[in-house]
Amino acid sequence: MAPLSCNPPEWEDDERMSFLFSAFKRTRDVNTCDWDGKMKFWIPLILTHARAQGLLSITLSQLENDFRRKGCAPMGLRTVIQEMIRQGTLRKETDFVSGVSSGWLSWGMRQLVIRPLRWTIGTMLGSQVGPDEPLVIPEVIKERAALVLQRYQSSTFRPFPLLCEEEVHTLCAEICPNPSALNLVLLQLQGDKKICVLERAGQKLVKFVRVSVGQVEPISESDLGIYQLQQGEKLLSERLQSAGEESNRLTEEARTYNRAGNKNQALRCLRKRKLVERRITELQNKQDNIQGILERISAAETDRKVVSAYQMGVSALKQALKDVTLEKAESIVDQIQEYCDLQDDLSQTLSSVTDADVDSDDLERELNEILQNEEMIIDLPDVPSGPVIISPKRPTEWKMDQAAHSPADGSFLRSVPEPMLQ
């Protein structure tokens with residue numbers, strides 16, 4: 001059984017695995033379906049296996065051992081690896097290193113990372129892939145590089161501009177368990193312009209990119225000065241802790257000697273404790289001075305960013321008001337007032353013309369006609385609120401009633417239909 005993190009569904013199918021474990025034809029043109037079917041099985045499986053095992057690089061012999069099934073190793077893995085190299089999913093370490101070092105890579109990275117890698121692969125000759133030649137997986141390396149960057153930005157090392165080699169190993173211990181993997185990740189970060197690496201006075205230093213900044217800035221003398229101050233503060237803290245422990249120890253010894261009746265020895269311990277306390281005071285003063293300097297540097301950096309923001313704001317405002325002047329604004333306001341007055345005059349003129357076209361005599365004549373029509377309107381009786389009792393009447397009685405309530409000129413009768421009058 002192969003030591004795979006998760007076996008594919010076909011792994012228990014002997015007939016299917018016999019085909020997949022067989023060698024490839026000489027060329028793809030001989031049998032395209034068989035060639036493509038094997039590639040679609042092995043390439044994703046190799047990448048999944050490497051990611052699950054945390055492998056940033058692999059070798060042919062390693063894959064043959066990992067994918068061994070029932071005592072047999074796959075016969076076509078060399079062809080699969082060559083196809084993956086052609087596609088770019090695998091790269092030789094030599095090509096990966098030269099691809100990074102040919103661009104933005106600094107001298108420090110060449111000394112610290114590339115030289116050890118080249119030493120491990122310097123004996124590999126020829127264009128063929130050797131059984132033990134390391135092949136890096138760029139996709140997995142990029143994923144690990146992103147994890148390292150996230151780990152730094154969320155760690156306690158974030159305030160420090162530079163990290164020493166031991167601090168980098170501590171930061172990346174879970175992500176890059178071995179030095180070779182760490183070197184590959186540092187190469188990737190260096191190629192992406194996320195870190196700078198420098199060796200100074202025999203000490204290896206790494207600078208990470210700041211949060212919300214696209215690319216890391218080169219290591220400056222200011223960074224080195226801040227690093228020295230932080231290292232001095234760290235050294236003083238260690239000495240303060242050691243001196244405090246020594247003071248406590250001398251106090252306990254003085255008590256022990258005093259209980260034993262050895263007063264001279266107890267007094268000697270107290271004198272030593274006084275010297276230690278004096279040294280503690282001196283160390284604390286030095287530490288306070290360094291902390292004060294670091295705080296001032298931090299405040300100065302904040303002030304620099306604020307001033308830079310002010311300058312950008314002033315430039316933007318200046319650009320926005322580039323063609324605007326006070327005289328131009330006053331001229332525009334005067335023009336607006338002028339056109340508003342003109343519009344008012346036009347409106348008043350048009351309204352006066354409309355009033356002049358109307359004859360007042362015609363309006364009085366129309367008003368008299370309306371009043372005459374209103375006098376001709378008949379006042380009808382109110383509608384009764386109670387029940388109405390209608391008694392049958394003869395037509396002659398109905399005519400008499402109508403005549404009694406109709407106008408004297410008989411206009412009501414003229415409005416009644418003719419059959420009702422008969």
Side-chain angles (χ1 to χ4, degrees), residues 56 96-117 138 141-237 290-291 293-309:
L56 277 66
F96 180 77
V97 170
S98 62
V100 176
S101 61
S102 61
W104 189 74
L105 194 64
S106 65
W107 178 88
M109 180 61 77
R110 294 190 185 97
Q111 297 296 321
L112 305 181
V113 177
I114 295 178
R115 182 175 295 177
L117 285 176
I141 293 177
K142 290 180 179 180
E143 294 173 358
R144 294 301 177 90
L147 290 176
V148 168
L149 190 59
Q150 292 176 3
R151 178 67 60 85
Y152 165 76
Q153 293 175 349
S154 61
S155 68
T156 56
F157 295 110
R158 178 179 171 181
F160 300 98
L162 299 178
L163 301 182
C164 64
E165 185 178 10
E166 293 77 11
E167 292 170 338
V168 173
H169 281 285
T170 302
L171 179 69
C172 306
E174 298 180 0
I175 302 174
C176 304
N178 55 75
S180 178
L182 179 60
N183 289 339
L184 292 173
V185 170
L186 293 178
L187 272 174
Q188 183 64 46
L189 290 172
Q190 182 80 352
D192 294 339
K193 301 182 181 181
K194 300 300 181 183
I195 65 169
C196 278
V197 180
L198 179 66
E199 184 175 9
R200 188 180 182 90
Q203 192 175 21
K204 304 172 185 178
L205 303 175
V206 178
K207 180 181 180 180
F208 282 82
V209 66
R210 294 292 184 183
V211 181
S212 70
V213 179
Q215 298 179 2
V216 65
E217 297 179 356
I219 298 176
S220 62
E221 292 298 327
S222 176
D223 295 328
L224 294 173
I226 295 174
Y227 175 76
Q228 293 295 334
L229 287 173
Q230 291 173 339
Q231 292 299 114
E233 182 187 11
K234 183 179 178 181
L235 178 61
L236 289 174
S237 297
I290 291 179
Q291 290 176 349
I293 295 174
L294 290 174
E295 289 177 359
R296 288 180 176 273
I297 292 175
S298 178
E301 180 66 18
T302 302
D303 293 341
R304 185 187 66 81
K305 293 180 179 179
V306 171
V307 171
S308 177

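For the numbers below, each heavy atom of this structure counts, side chains included, while hydrogens, waters and symmetry mates do not.
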Do side-chain atoms of Ser298 reach the backbone of Leu294 as a donor and acceptor pair under 3.5 angstrom?
-> no
Hey, does the side chain of Lys305 reach the backbone of Ala300 with a donor-acceptor pair shorter than 3.5 angstrom?
-> no
Any residue meeting ring-ring contact (aromatic ring centres under 6.0 Å, His included) with Tyr227, in chain and number order, not counting sequence neighbours | none
For residues 163-172, tabulate all N or O donor-acceptor pairs below 3.5 Å that involve a side-chain atom, not counting sequence neighbours.
residue : atom : partner : partner atom : Å
Glu167  : OE1  : Cys164  : N            : 3.0
Thr170  : OG1  : Glu166  : O            : 2.9

Contacts under 3.5 angstrom, residues 218-225 side chains, donor-acceptor by atom type, not counting sequence neighbours:
residue : atom : partner : partner atom : Å
Ser220  : OG   : Asp223  : N            : 3.3
Ser220  : OG   : Asp223  : OD2          : 3.2
Asp223  : OD2  : Lys207  : NZ           : 2.7
Asp223  : OD2  : Ser220  : N            : 3.2

Any chance CD of Gln203 has more than 12 other-residue heavy atoms, nucleotides or ligands included, within less than 6.0 Å?
-> yes
Compare all side-chain heavy atoms of Leu189 with those of Val148 and state whether any distance is below 4.5 angstrom.
-> yes
Where do Gln190 and Val197 come nearest, in terms of heavy atoms and distance?
-> OE1-N, 4.0 Å
Would you compute the distance between atom [atom1] of [X] and atom [atom2] of [Y] and round it to the nearest 0.5 angstrom?
{"X": "Asp303", "Y": "Ser308", "atom1": "CG", "atom2": "OG", "result": "12.5 Å"}
{"X": "Leu182", "Y": "Leu187", "atom1": "CG", "atom2": "CG", "result": "10.0 Å"}
{"X": "Glu143", "Y": "Ile141", "atom1": "CD", "atom2": "CD1", "result": "10.5 Å"}
{"X": "Leu235", "Y": "Gln228", "atom1": "CG", "atom2": "CD", "result": "11.0 Å"}
{"X": "Gln291", "Y": "Leu236", "atom1": "CD", "atom2": "CG", "result": "9.0 Å"}
{"X": "Leu56", "Y": "Cys176", "atom1": "CG", "atom2": "SG", "result": "6.5 Å"}

With sequence neighbours excluded, residues passing side-chain contact (heavy atoms from CB on, under 4.5 Å) with [X]:
{"X": "Arg210", "value": "Tyr152, Pro161, Val213"}
{"X": "Ile297", "value": "Ile226, Leu229, Ile293"}
{"X": "Val307", "value": "Gln311"}

Under the side-chain contact (heavy atoms from CB on, under 4.5 Å) rule, what do Arg158 and Phe208 come out as? Steps first, then yes or no, please.
-> CA-CA 9 Å; Arg158 178 179 171 181; Phe208 282 82; over 6 Å; no
